[in-house]
Amino acid sequence: MKFETLVIHAGVHPDPSTGAIMTPIFQTSTYVQDGPGNHKGYEYARTQNPTRTVLQENIAALENGTIACSFGSGLAAMDAIIKILKSGDEVIASNDMYGGSFRLLDRIFKDFGISTKLIPMQDPELVKKTISENTKLIWIETPTNPLLNIVDIEAVCNIAHQKNIIVCVDNTFASPYLQKPLDLGADLVMHSATKYLGGHSDVVHGIVVTKNKDLGERLRFIQNASGAVPGPMDCFLILRGIKTLHIRVQRACENAMKIAEFLSTHPHVNRVLYPGFPSHPGHELAKKQMKMFGGMLSFDLKDESIEAANKVLAGTKLFTCAESLGGVESLIGHPASMTHASLPREERMKSGLTDSLMRLSVGIENVDDLIEDLRQALG
Ligand SMILES: *Cc1c(COP(=O)(O)O)cnc(C)c1O
C-alpha cells in the first residue's frame, strides 16, 4: 500500500465489539482476566493499551519499520533510547541538535556515565574521525533546527555500521512523508509526534520505530519498565492527526517554498536558509533523501540587531510567536532569545545563528495571506 493509504488504514480496524469505525479511546488502567493469566493480550495499561497499539502499528508502517513504541513526549522517547546504552558508552550528536535533546544528554545522562561528543554532522568524514571504541550511538537530526543543515543519513549509517554502532535519526522536522531513515540504513527513527505527526498543536507525544527485532524488544521492555507511556486520549489525537499528514506536509512545503522565494527578494532580508534553494549547501542531498524540502525555514535581516528582529516578531499577525512547529498554523520564533538562549552568543554566531535570525514553521493557510503578513511586518 502507498503512504497516502497507510496513514488512514495501517493498523486501524473497526472495533469488533461495536463496529465503531474509528479507534476507541480505551480509557482504562486494567483489563478483566477470566482466571489468573487468562486474558485477551491486555493485562495492565502501562504495558499495553489498545488505542496505543493501533497508533504504534500505524506509525511502524509509515516508517517501513516493524516495531514502534510510543511515549508521553518526544524527549521521553529519546530517554528510552539512551537507556539502551550503559555507563561508559559514548554518543555522537550534531552540534546544532534540538536544545532539549542536548539537555537530556548533558544534564541527565552525563551523570550516569554516558558522555556525548558534538560535531557538525554535515561532514560524514568528521563522524568517522570522532568515533572511539566507546561510541555506541550516533544521533542524527536532519534537517537541523534552526539552520536547516542536511546530514547524509546513508553515509553516516555506512560508517557507523562498520563499527557496530547504532544510528538513530530524529525525524521530527521531515516526518515520514518526506524522509524514511530506516530505508536509508538507520536502526532507529524517533519523532516528537507533538509536531507534524499530531499536526494540530494540541498534544505532546513521542515515538520510536525500528525493524531490528532485538532493539525493538529492548525498547518495548524499557517502555514498560520505565513507564513513560502516553495516555489513550493522546494516542487517539496523534492517530487522528496522522490521517491528514501527507496533505498537511505537502501544503506546508509548497507554502514554504513560495515564502522562501518572497523573502529572498525582500530588500531588508539578508539570508534565507531553505534546503529547497539550489544555493543551499545541503540542496542536492535533500533532493536525494527527502521527497520535498519541508515546511521550516529561517532568515535573518540586513540590520543584524535583536531590535530589528523584535520589530518583525511584533509586527506579524498570522505568524504568531511561539515555540514548537509542525502545526496547521504558521509560527515565527526567534532562536537567539527563545530555543537557543542557553547557548553563549559566541557559540551561536560561530554556527551562523545570528541575533536577527528568525525561524518560520509554515502552516497550511493561504500562502498569499502569509506572504502579505510578512511583507507588512518587514515594512
Ligand atoms: C520538539 C522536539 C523534540 C522534543 O519533543 P517533545 O515532544 O517536545 O518532548 C525533539 N526533537 C526535535 C527536533 C523537536 O523539534
Side-chain angles (χ1 to χ4, degrees), residues 55 59 63 68-83 91 93-109 116 118 121 137-151 153 167-179 181 186 188-209 223 226 228-231 233-235 237-238 241-242 245 249 252 273 275 290 294-298 322-327 331-335 338-343 353 359-363:
L55 173 64
I59 299 190
E63 287 285 4
C69 294
S70 93
F71 295 90
S73 70
L75 287 180
M78 181 178 186
D79 181 87
I81 294 167
I82 307 301
K83 284 174 179 160
V91 181
S94 315
N95 60 353
D96 58 350
M97 79 192 304
Y98 176 73
S101 304
F102 174 66
R103 184 177 54 198
L104 179 60
L105 291 166
D106 186 56
R107 303 278 299 277
I108 305 279
F109 282 106
T116 303
L118 297 180
M121 212 174 276
L137 173 69
I138 296 179
W139 189 272
I140 299 177
E141 207 179 296
T142 183
T144 64
N145 171 29
L147 296 169
L148 286 311
N149 287 317
I150 308 289
V151 176
I153 298 173
V167 177
C168 178
V169 176
D170 180 339
N171 205 26
T172 302
F173 263 47
S175 91
Y177 179 61
L178 299 181
Q179 177 168 277
L188 301 167
V189 52
M190 167 266 174
H191 282 277
S192 169
T194 314
K195 317 292 167 55
Y196 283 104
L197 292 174
H200 295 74
S201 305
D202 52 10
V203 57
V204 172
H205 197 103
I207 197 112
V208 190
V209 187
Q223 182 189 37
S226 285
V229 293
M233 176 79 189
D234 290 359
C235 294
L237 285 170
I238 300 294
I242 286 175
L245 177 68
V249 172
L273 307 178
M290 297 171 74
M296 303 296 300
L297 65 102
S298 296
E323 309 232 358
S324 199
L325 62 109
L331 300 179
I332 186 165
H334 184 235
M338 294 165 71
T339 44
H340 293 64
S342 57
L343 266 169
L353 211 162
R359 186 192 79 176
L360 302 181
S361 169
V362 177

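Numbers here simply count residues along the sequence, with the first being 1. Remember, it's 1-based here, ligands and their atoms both numbered in the order they're listed.
- Using a 4.0 Å cut-off to heavy atoms of Ser73, the atoms of ligand 1 that qualify are 7 (O), 9 (O).
- The closest protein non-hydrogen atom to atom 3 (C) of ligand 1 is Tyr98 CE2, 3.4 Å.
- Checking Glu141 against Asn171 by side-chain atom types alone, no donor-acceptor pair falls below 3.5 Å.
- Looking only at heavy atoms of the protein, atom 2 (C) of ligand 1 is closest to Lys195 NZ, 2.5 Å.
- By the 4.5 Å heavy-atom criterion applied to side chains, Trp139 and Val169 are not counted as neighbours.
- Taking all atoms of both residues into account, the shortest heavy-atom contact from Met338 to Ala322 is CE-C, 3.7 Å.
- Within ligand 1, the atoms closer than 4.0 Å to a non-hydrogen atom of Leu75 are 4 (C), 5 (O), 6 (P), 9 (O), numbered from 1 in the order shown.
- Near Asp170, the atoms of ligand 1 lying under 4.0 angstrom from a non-hydrogen atom of the residue are 10 (C), 11 (N), 12 (C), 13 (C).
- Here OH of Tyr196 is found 4.5 Å from OG of Ser361. Values are rounded to the nearest 0.5 Å.
- Residue Leu325 places no N or O, backbone or side chain, under 3.5 Å from any N or O of ligand 1.
- A donor atom on one side chain and an acceptor atom on the other are found under 3.5 Å apart for Asp96 and Asn149.
- A cation-pi arrangement is present between Lys195 and Tyr98 under the rule of less than 6.0 angstrom and at most 45 degrees off the ring axis.
- Less than 4.0 angstrom separates some heavy atom of Glu141 from each of these atoms of ligand 1: 13 (C).
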